[in-house]
Amino acid sequence: MASERMMLAIGTLERAIGRLEQDVTHFVAAIPPPAPPDTPQIDLPAAREALRSLDQLIDDLKAKAHG
């Protein structure tokens with residue numbers, strides 16, 4: 001009796017592991033490939049500085065509109 005339950009539990013674990021392996025395979029397949037080395041990368045400090053510059057420009061334009 002215990003041996004039968006153990007075999008059922010092992011079968012359940014095997015099926016769960018099989019589903020997990022399928023899920024991992026699907027997740028890995030969904031990950032986009034890395035960008036080729038010649039693809040331009042975003043320069044984060046420059047992007048932040050550009051945003052700050054735009055914020056300043058907007059503030060200057062608002063001041064001129066209200067002044």
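Counting from 1, the numbers follow the sequence of the chain as shown.
Through direct or indirect side-chain contacts shorter than 4.5 Å among Ile, Leu, Val, Met, Phe, Trp and Tyr, Leu20 is connected to Val24, Val28. Here Leu61 is tied into one hydrophobic group with Leu57, each link being a pair of ILVMFWY side chains closer than 4.5 Å.
Contacts of Pro36 classified as side chain to side chain contact (heavy atoms under 4.5 Å, CB included), with partners at least two apart in sequence or in another chain: Asp38, Thr39. Partners of Gln22 under the side chain to side chain donor-acceptor pair (under 3.5 Å) rule, at least two apart in sequence or in another chain, do not exist in this structure.
Applying the salt bridge (charged side-chain N to carboxylate O under 4.0 Å, His left out) test to every pair with at least one member in residues 41-54, sequence neighbours left out, gives these pairs: Glu49-Arg52. A side chain to side chain donor-acceptor pair (under 3.5 Å) check over residues 10-21, counting only residues at least two apart or in different chains, returns the pairs Thr12-Arg15.
Met6 contributes atom CE, which lies 11.0 Å from atom CG of Leu8 (distance to the nearest 0.5 angstrom).
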